[in-house]
Amino acid sequence: MPIRDNIILTGFMGSGKSTVGDLIANRLGRAFIDTDVKIEEEQNQTISNIFKEKGEEYFRTLEKLAVADICRNNGLVIATGGGTLLNKDNLKIMEQTGIIFCLTASIDIMIDRMGNRKSRPKAAEKNRNAIIELYESRLSGYNNLPNIIDTSEKSASETAELVINLYNKIIEIHSQ
Ligand code: S3P
């Protein structure tokens, strides 16, 4: 059994990946990496600007490179972007290096958590119905992911606790 000890959070925009990831990393004393933040730092540009100037396809290439790079490490807490693990290659790499948790919530809650949406190019220009349409078009992809956690009625802190407990159990089972 290869070491798969990264904790990887994924899910639709507004599912709480970054907030929960940060909490988990703090509690476990691990480093936290957000794929979008890594891309922004390396490109010295916001995700919005990358989409605007170079387009989504270019962003997805950067995302793939970021995933490959991050997955060279162990012992991290990783938050992906909302579309990252809908790509089969990214999913395959991440599965091999960590335990994936897919956060979800009711679509109303996720839209609410997104706030003003300006920094999210896949949601910025869309009204509520168009965001629901995007979510529904991706739903089978998210449902395909392991360890789906509904965070609708949980605080970020409770979700972090739940992920840590589940992670410990999974690691324990794998080490037996
Ligand atoms: C995207 C989600 C964003 C970011 C990019 C594309 C998506 O991340 O990766 O704007 O396709 O769902 P968040 O889910 O962290 O907002």
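Order of listing sets the numbers, starting from 1, for every ligand and every atom in it. All residue numbers in this chain count up from 1 along the given sequence.
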Would you mind checking which non-hydrogen protein atom is closest to atom 2 (C) of ligand 1, with the distance to 0.1 Å? Gly82 N, 3.3 Å
Among all protein heavy atoms, pick the one closest to atom 3 (C) of ligand 1 and tell me residue, atom and distance. Asp36 OD2, 3.5 Å
Minimum distance, heavy atoms only, to atom 11 (O) of ligand 1: which one of Arg138, Met13, Glu56 is it? Arg138
I'd like the name of whichever of Pro121, Gly11, Ala79 reaches closest to atom 10 (O) of ligand 1 through any heavy atom. Pro121
Select one of side chain, backbone, both or neither to describe which atoms of Arg120 lie under 4.0 Å from any atom of ligand 1, heavy atoms only. side chain
Sub-4.0 Å heavy-atom approach of Met114 to ligand 1: no
Determine, using heavy atoms of Arg60 and all atoms of ligand 1, whether some pair is separated by less than 4.0 Å. yes
Aromatic plane relationship, Tyr135 with Phe12 - under 30° parallel, 30 to 60° tilted, over 60° perpendicular: tilted
Nearest heavy-atom contact between Cys102 and Gly11 is SG-CA, 4.0 Å
For a side chain to side chain donor-acceptor pair (under 3.5 Å) with Lys64, tell me which candidate from Thr35, Thr84, Asp89 qualifies. Asp89
Counting from 1, what ligand 1 atoms have a heavy atom of Gly83 closer than 4.0 Å? 7 (C), 11 (O), 12 (O)
Close N or O approach (Lys17, ligand 1; < 3.5 Å): yes
Going by distance only, is there an N or O of Ile47 that falls short of 3.5 Å from an N or O of ligand 1? no
Do Lys122 and Glu56 meet the salt-bridge criterion of a basic N to acidic O distance under 4.0 Å? yes
Quick one: do Lys126 and Glu133 satisfy salt bridge (charged side-chain N to carboxylate O under 4.0 Å, His left out)? Show the steps, please. CA-CA 10 Å; Lys126 291 188 170 72; Glu133 212 169 282; over 6 Å; no
Could you walk me through whether Arg60 and Glu63 satisfy the salt bridge (charged side-chain N to carboxylate O under 4.0 Å, His left out) test, starting with their C-alpha distance in whole Å, then the side-chain angles of each, then the deciding distance to 0.1 Å, before giving a yes or no? CA-CA 5 Å; Arg60 297 297 172 196; Glu63 192 174 49; 2.9 Å; yes
Ile7 and its side-chain contact (heavy atoms from CB on, under 4.5 Å) partner, picked from Ile164, Leu28, Ile100, Ile78: Leu28
